[in-house]
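As structure tokens, the structure follows; a few thoughts come after it.
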Number of protein chains: 2
Amino acid sequence: MNKKNITFSDIAEYTHFSKTTISRYFNNPDSLTLENQQIIADALEALDYKENKVARILANGKTEFIGIIIPNLYMHYYSAILDQILSTYEKYGYKFLVFTVKDNEETERKYIQELLAYKIEGMIILSHNLTSKELASYNIPIVAIEREDKHICSVNTDNYMGGVQATSLLAKSGAEILIHINADLSPEVPSYERIHGFLNTCAEQNLPYELILTDTGHSYEESIDVFYRLLDEIDQKYKDKVKGLFLPNDTFANIILNRLFQRYGKLPDDYKIVGFDDSPISRESVIPTSTVGQQIDKIADTALQILSERIKENHKRKPRTFLEPVHKVITPILLKRETTK
Amino acid sequence: MNKKNITFSDIAEYTHFSKTTISRYFNNPDSLTLENQQIIADALEALDYKENKVARILANGKTEFIGIIIPNLYMHYYSAILDQILSTYEKYGYKFLVFTVKDNEETERKYIQELLAYKIEGMIILSHNLTSKELASYNIPIVAIEREDKHICSVNTDNYMGGVQATSLLAKSGAEILIHINADLSPEVPSYERIHGFLNTCAEQNLPYELILTDTGHSYEESIDVFYRLLDEIDQKYKDKVKGLFLPNDTFANIILNRLFQRYGKLPDDYKIVGFDDSPISRESVIPTSTVGQQIDKIADTALQILSERIKENHKRKPRTFLEPVHKVITPILLKRETTK
DNA sequence: TTGTAAGCGTTATCAA
DNA sequence: TTGATAACGCTTACAA
């Protein structure tokens with residue numbers, strides 16, 4: 001802060017080159033002789049030059065910023081996704097400006113404006129506040145992850161396949177009645193497909209089943225109440241049957257597993273449980289819980305692949321104005337653990 | 001991208017004001033008459049103006065960027081901290097550029113250079129790769145969170161107090177032998193103080209204790225091996241005593257709790273357990289685990305308070321060149337749950 | 001292979 | 001209360 005910043009002008013003066021040549025040293029070094037490259041390199045060292053990407057952005061329009069809007073980082077799924085997105089820096093070079101948004105449309109719009117003011121080149125959206133139609137109207141490359149995505153690109157887990165895998169595993173482990181509990185989802189969110197996967201598998205294999213769509217609570221405490229009640233009902237209703245429970249996430253699976261352990265000191269033989277997400281709790285539960293794992297690294301990489309392609313397209317002198325949204329699907333991985341023995 | 005961006009020049013032309021006046025409309029509206037404010041407001045609307053903060057930064061030097069270097073977002077503690085840091089946007093207005101760095105000095109230096117190139121105004125560091133001395137040499141405001149912090153500002157949990165709270169709770173719950181297991185930490189990291197808190201409490205209250213400092217493993221699987229072995233040893237050694245176990249985090253506490261549950265179908269009366277962090281696993285464990293909670297919201301807010309003060313100082317025409325590092329300490333909160341009944 | 005000069009879209013300084 | 005003009009530090013034609 002003390003002495004003024006070293007700029008290309010200073011280096012130009014010092015080396016008796018022009019600013020342009022200094023710029024070339026950074027952007028197209030091969031166009032300089034090796035000697036001259038060395039001279040400039042030495043000068044940078046001698047003057048302790050620090051690059052200024054803000055000036056570069058203003059001049060060439062490429063910020064290499066990608067904006068991320070994510071509901072929170074408190075839930076493991078979201079932080080795991082962000083973790084993987086951030087680590088794509090080494091491969092793609094984009095820097096990430098991250099905002100968390102609770103359920104508030106106006107806030108989300110405000111944050112998007114802020115991101116646009118910083119000239120982000122693309123955006124990754126995990127929140128559910130704005131429709132994909134509105135998002136598409138911003139006219140910048142956008143990838144949605146696990147949310148409604150009609151009008152924008154997206155990367156999702158193959159939720160249908162996940163539902164099939166979970167249901168089949170329960171069936172194979174000896175379940176006589178298959179039960180899937182889920183929130184009453186909108187058919188537009190990708191995870192709705194898990195329900196289809198469950199239903200179709202039961203139908204195809206001719207398995208008795210029950211589908212319970214209900215409010216699963218908005219906090220851990222609420223969810224505990226909900227699932228304790230449901231478990232009691234199920235216990236009553238299917239007393240003499242082996243019950244196969246497919247839960248929409250590992251947290252819910254864990255609530256049920258804990259309840260059974262607290263009661264019986266073990267997982268009774270007439271209960272089989274499968275969760276979803278392969279979150280830490282599924283490994284750290286009192287006995288390891290079977291679950292359907294999302295390939296979060298692939299999801300993140302695919303999202304960046306889509307973005308970087310479209311960003312490159314925008315940098316062409318004559319970018320195509322409209323590209324159809326693409327929708328990629330990543331296969332989940334079934335993890336057979338102790339709760340489906 | 002199609003038609004060129006609307007700039008102050010366009011608005012100036014449209015309204016017959018100068019660029020300067022348009023700038024004033026944004027930065028010092030009171031210096032314009034209400035009429036003229038309205039005229040400009042209408043023009044912005046009519047022309048669909050989008051602000052460009054990159055240009056503004058280049059002109060006034062204020063990016064409002066803060067860089068964050070964090071080991072990962074996979075561990076809940078880190079993502080919880082980042083979550084709270086991001087939500088300070090509403091209060092302080094800073095935007096965050098986030099990098100994750102594994103154990104690699106060179107990578108961290110590279111990322112810091114990148115952050116500096118984007119003219120960040122401050123930095124929050126949670127990683128352990130570089131010494132605080134080296135970090136201080138970058139000459140920008142930096143706050144460390146739970147890491148070595150001799151030469152830079154920091155915000156930490158009062159780890160000593162945490163150790164005292166945990167140990168006292170175990171004592172009160174009837175433990176006859178107090179055991180603290182921890183990694184063989186450097187005395188420079190803040191969490192080392194937990195050990196002091198444990199030892200001093202045992203000494204003051206004249207309690208029998210054992211301090212086990214050992215390699216706790218570098219993965220969940222490794223940790224399981226370590227703690228199963230330790231538990232067997234403890235079980236042998238203190239057969240007829242009520243054992244009070246103070247673990248350095250909730251994950252480790254959970255490993256022990258699960259092992260006991262798997263063996264006995266419940267937490268035996270001669271085991272009392274306290275973890276650290278109030279991470280989700282402490283609530284979601286087979287029975288809720290007592291733990292010491294860090295006030296992560298306060299930690300994040302305090303970090304930003306320190307940064308924003310120092311950044312403001314830097315914006316003064318004559319900033320003080322050197323400010324002593326400040327070290328803030330946030331009191332932890334003891335959570336008494338089922339494992340210390 | 002190198003240089004000149006005109007941007008990029010703001011803000012700051014000084015003057016009116 | 002408003003304006004003219006020179007920064008801010010880099011890139012990009014176009015020339016040589």
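Reminder, nothing fancy here: chain letters follow the sequence lines and each chain counts from 1. Worth knowing before you read on, the calculation uses all heavy atoms, side chains too, and leaves out hydrogens, waters and symmetry mates.
Among the atoms of the strands shown, only primed sugar atoms or phosphate atoms (P, OP1, OP2) are found under 4.0 Å from some heavy atom of T33(B). When heavy atoms are screened at a 4.0 angstrom cut-off, F17(B) is found touching the sugar-phosphate backbone but no base atom. If you check every strand for non-hydrogen atoms under 4.0 Å, N28(B) touches nothing.
Side-chain atoms of T20(B) come within donor-acceptor range of the base of dA4(D), with a qualifying N/O pair under 3.5 Å. Evaluation of atom-type donor-acceptor distances gives a pair under 3.5 Å for the side chain of K19(B) against the base of dT10(C).
Contact between the side-chain N/O atoms of N27(A) and the OP1/OP2 oxygens of dT11(D) is found at a separation under 4.0 Å. In this structure, S18(B) reaches the dG3(D) phosphate: one of its side-chain N or O atoms is under 4.0 Å from OP1 or OP2. The side chain of S23(B) places an N or O atom within less than 4.0 Å of a non-bridging phosphate oxygen (OP1 or OP2) of dT11(C). At dG3(D), one or more side-chain N or O atoms of T21(B) fall inside 4.0 Å of OP1 or OP2 (strictly under the cut-off).
Look at NE2 on H16(B): it is 11 Å from P on dG3(D), rounded to the nearest Å. The CG atom of L58(B) sits 12 Å away from the P atom of dT11(D) (whole-angstrom rounding). Going from atom CG of D10(A) over to atom C1' of dA7(D) covers 14 Å, rounded to whole Å. One can place OH of Y25(B) at 13 Å from P of dT2(D), the figure rounded to the nearest angstrom. Rounding to whole angstrom units, CZ of residue F8(A) and C1' of dG3(C) are separated by 15 Å. Rounded to an integer number of Å, the gap from CD1 of I11(B) to P of dT11(C) is 11 Å. Here the C1' atom of nucleotide dC8(D) and the NZ atom of K62(B) are 14 Å apart, to the nearest Å. Atom CD1 of I57(B) and atom C1' of dT10(C) are 10 Å apart (whole Å).
Distance alone, capped at 3.5 Å, places no donor-acceptor pair between the E146(A) side chain and the L126(A) backbone.
Shortest non-hydrogen contact noted between C153(A) and H327(A) is C-ND1, 4.4 Å.
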Quick one, F8(A) with F26(A), criterion ring-ring contact (aromatic ring centres under 6.0 Å, His included). Give me CA distance, side-chain angles, the key distance, then yes/no.
CA-CA 11 Å; F8(A) 281 11; F26(A) 286 97; 5.5 Å; yes

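For N52(A), taking side-chain heavy atoms from C-beta onward, the closest of the listed nucleotides dT10(C), dG9(D), dG3(C) is dG9(D). Relative to the side chain of Y49(A), the nucleotides dC10(D), dC8(D), dT11(D) differ in distance, and dC10(D) lies closest. Looking at the side chain of A59(A), the nearest of the listed nucleotides dG7(C), dT2(D), dT4(C) is dG7(C).
Relative orientation of the H76(B) and Y74(A) rings is perpendicular, given thresholds of 30° and 60° on the angle between their planes.
Counting heavy-atom neighbours within 6.0 Å of Q113(B) CD, excluding the residue itself, gives a total above 12.
With the nearest nucleotide of DNA chain C identified for both R24(B) and A55(B), A55(B) has the one nearer the 5' end. Looking at which nucleotide of DNA chain D each of N36(B) and I22(A) is closest to, the 5′-most match is held by N36(B).
For the residue pair N156(A) and D149(A), a side-chain donor N or O sits within less than 3.5 Å of a side-chain acceptor on the partner.
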